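See structure below.
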Amino acid sequence: MTRREVFNDALFWQGQSVSMEDRERLGGHAAAVLWFTGLSGSGKSTLASAVERRLHALACRTFVLDGDNLRHGLCSDLGFSSADRHENIRRAGEVAALFVQSGAIVLSALISPFESDRARARRLVPEGRFFEIYCNANVDECERRDVKGLYRRARSGEVRDFSGISSPYEAPDAPELVLHTARDSVEQCVEGVIAMLQARLGLPGAR
Ligand SMILES: Nc1ncnc2c1ncn2[C@@H]1O[C@H](COP(=O)(O)OS(=O)(=O)O)[C@@H](OP(=O)(O)O)[C@H]1O
Ligand SMILES: Nc1ncnc2c1ncn2[C@@H]1O[C@H](COP(=O)(O)OP(=O)(O)O)[C@@H](O)[C@H]1O
């Protein structure tokens with residue numbers, strides 16, 4: 001990880017004796033962030049989980065950062081205002097960057113509705129190691145699925161600031177991959193992610 005500007009001039013950057021490259025060599029694969037973004041119900045958690053299983057079977061060290069789960073701990077003080085979402089993504093991006101330094105493939109599954117927040121998370125990891133994966137399903141489809149009943153509650157006004165209904169979602173301009181989750185099966189989407197990683201990162205052979 002590179003030293004970054006901090007507000008406090010009494011802080012110092014402690015270098016590490018084992019580098020990311022050392023850890024990658026030990027692990028036998030490249031480290032990366034797979035940043036799934038999309039509306040609630042677009043398929044982020046389903047796909048992060050399914051891709052993780054595939055990578056695990058390929059002997060990759062992985063971890064899923066799920067928005068709902070982070071909000072039970074690290075981000076339990078945050079709600080769904082724009083300011084809180086910015087902070088939520090900032091923290092998730094920092095955690096993802098730490099995982100990359102540890103040599104792992106981290107799969108983040110957060111709505112992450114703002115392009116600027118996703119761009120900031122990208123800047124925290126080495127070039128070529130951040131894969132923005134857009135789970136592209138429109139509001140109508142996600143509302144039809146209504147996996148958790150949240151769209152119904154958002155329409156009735158019980159749940160406020162709901163992404164795609166009463167809070168904005170900025171679709172990615174230039175993601176590394178677009179998954180059409182309303183058209184393609186989970187298996188097809190997983191294959192798309194694995195093929196991209198194989199081509200751009202290289203993956204260890206199946207065992
Ligand atoms: N108002 C509102 N808007 C959107 N989502 C809501 C809201 N309230 C609760 N939830 C639940 O929180 C999950 C999204 O959290 P995230 O941390 O991914 O959101 S964000 O990235 O900060 O926008 C989201 O999970 P997913 O459905 O997996 O996306 C919901 O379960
Ligand atoms: N191609 C696909 N990719 C992901 N999910 C899909 C796909 N096709 C149908 N689904 C369904 O859509 C829903 C997505 O829910 P979920 O993964 O919880 O979304 P999110 O994490 O984005 O809120 C699941 O019920 C899943 O079975």
Side-chain angles (χ1 to χ4, degrees), residues 33-55 63-97 106-122 124 130-172 175 177-196:
V33 178
L34 308 186
W35 190 280
F36 292 85
T37 175
L39 292 170
S40 177
S42 62
K44 304 178 300 293
S45 304
T46 300
L47 292 171
S49 171
V51 170
E52 180 177 44
R53 292 264 16 128
R54 280 290 298 278
L55 292 174
F63 198 77
V64 173
L65 298 177
D66 192 272
D68 262 319
N69 294 357
L70 292 184
R71 284 174 174 278
H72 279 82
L74 179 67
C75 302
S76 59
D77 56 326
L78 302 176
F80 289 92
S81 65
S82 293
D84 279 4
R85 290 182 200 252
H86 292 313
E87 176 60 11
N88 189 40
I89 304 311
R90 190 191 70 78
R91 290 183 200 174
E94 293 284 353
V95 173
V106 54
L107 304 93
S108 88
L110 293 91
I111 297 174
S112 44
F114 299 116
E115 182 72 42
S116 59
D117 293 333
R118 298 189 299 262
R120 182 168 54 179
R122 179 188 291 275
L124 296 178
F130 189 96
F131 298 89
E132 190 174 9
I133 301 174
Y134 176 31
C135 295
N136 187 353
N138 62 28
V139 177
D140 289 348
E141 170 65 14
C142 295
E143 190 163 7
R144 191 189 62 72
R145 292 176 180 167
D146 208 1
V147 182
K148 302 168 184 159
L150 287 172
Y151 282 88
R152 185 183 49 74
R153 293 169 65 189
R155 289 292 182 196
S156 74
E158 182 196 344
V159 172
R160 295 168 56 194
D161 297 331
F162 195 76
S163 304
I165 293 194
S166 43
S167 183
Y169 177 79
E170 298 170 1
L177 189 63
V178 180
L179 299 175
H180 296 278
T181 68
R183 182 192 72 193
D184 299 333
S185 68
V186 171
E187 293 70 27
Q188 287 170 321
C189 293
V190 170
E191 286 311 321
V193 176
I194 297 295
M196 175 190 70

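Please read these numbers as outputs of a predicted model, since none were measured by experiment. Whatever order the structure lists them in is the order used to number ligands and atoms, beginning at 1.
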What is the nearest protein non-hydrogen atom to [atom], stated with its residue, atom name and distance?
{"atom": "atom 26 (C) of ligand 2", "result": "Thr46 OG1, 3.8 Å"}
{"atom": "atom 19 (O) of ligand 2", "result": "Gly43 N, 3.1 Å"}
{"atom": "atom 6 (C) of ligand 2", "result": "Val186 CG2, 3.9 Å"}
{"atom": "atom 12 (O) of ligand 1", "result": "Phe80 CZ, 3.3 Å"}
{"atom": "atom 18 (O) of ligand 2", "result": "Ser45 CB, 4.2 Å"}
{"atom": "atom 23 (O) of ligand 2", "result": "Gly41 N, 2.7 Å"}

Close-contact set for ligand 1 against [X] heavy atoms, below 4.0 Å:
{"X": "Lys44", "result": "29 (O)"}
{"X": "Ile89", "result": "21 (O)"}
{"X": "Asp161", "result": "1 (N), 2 (C), 3 (N)"}
{"X": "Ser40", "result": "26 (P), 27 (O), 29 (O)"}
{"X": "Pro113", "result": "21 (O), 23 (O)"}

Measure across [X] and [Y] and return the closest heavy-atom pair with its distance rounded to 0.1 Å.
{"X": "Asn88", "Y": "Arg71", "value": "ND2-NH2, 3.3 Å"}
{"X": "Leu65", "Y": "Ala92", "value": "CD1-O, 3.9 Å"}
{"X": "Ala137", "Y": "Cys142", "value": "O-SG, 3.7 Å"}
{"X": "Val51", "Y": "Leu34", "value": "CG1-CD1, 4.0 Å"}
{"X": "Met196", "Y": "Phe131", "value": "CE-CD2, 3.7 Å"}
{"X": "Ser166", "Y": "Asp161", "value": "OG-N, 3.3 Å"}

Sidechain N-carboxylate O distance under 4.0 Å for [X], [Y]:
{"X": "Arg152", "Y": "Glu158", "answer": "no"}
{"X": "Arg91", "Y": "Glu94", "answer": "no"}
{"X": "Lys148", "Y": "Asp68", "answer": "yes"}

Taking heavy atoms and a distance under 4.0 Å, where does [X] meet ligand 2: side chain, backbone, both or neither?
{"X": "Leu47", "result": "side chain"}
{"X": "Arg145", "result": "side chain"}
{"X": "Ala109", "result": "neither"}

Item to check | Option set His86, Lys148, Arg118, criterion heavy-atom distance to atom 25 (O) of ligand 1, minimum | outcome: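 Heavy atom nearest to atom 25 (O) of ligand 1 belongs to Lys148.
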
Checklist entry - Nearest non-hydrogen atom to atom 25 (O) of ligand 2 belongs to which of Leu179, Val147, Thr181? => result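 Checking each option, the heavy atom nearest atom 25 (O) of ligand 2 is found in Val147.
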
Item to check | Pairs touching residues 177-196 that satisfy ring pair (Phe, Tyr, Trp, His ring centres under 6.0 Å), sequence neighbours left out | outcome: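 For residues 177-196: none.
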
Checklist entry - According to the interplanar angle, ranging from 0 to 90°, do the rings of Phe162 and Tyr151 count as parallel (below 30°), tilted (30 to 60°) or perpendicular (above 60°)? => result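 Geometry flag for Tyr151 against Phe162: perpendicular rings.
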
Checklist entry - Contact between Ser167 and ligand 1, counting heavy atoms under 4.0 Å? => result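 No.
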
Checklist entry - Taking N or O atoms only and a 3.5 Å limit, does His180 qualify as a polar contact for ligand 2? => result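 In fact, backbone or side chain, His180 has no N or O that close.
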
Item to check | Residue portion contacting ligand 1 (non-hydrogen atoms closer than 4.0 Å) for Ile111 | outcome: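 Both the backbone and the side chain of Ile111 come within reach of ligand 1.
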
Checklist entry - Does Leu78 approach ligand 1 within less than 4.0 angstrom via side chain, backbone, both or neither, non-hydrogen atoms only? => result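 Within the 4.0 Å criterion, Leu78 makes no contact with ligand 1.
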
Under 4.0 Å from any heavy atom of [X], which atoms of ligand 2 are there?
{"X": "Cys189", "value": "1 (N)"}
{"X": "Asp184", "value": "1 (N), 2 (C)"}
{"X": "Leu39", "value": "22 (O)"}
{"X": "Ser40", "value": "23 (O)"}

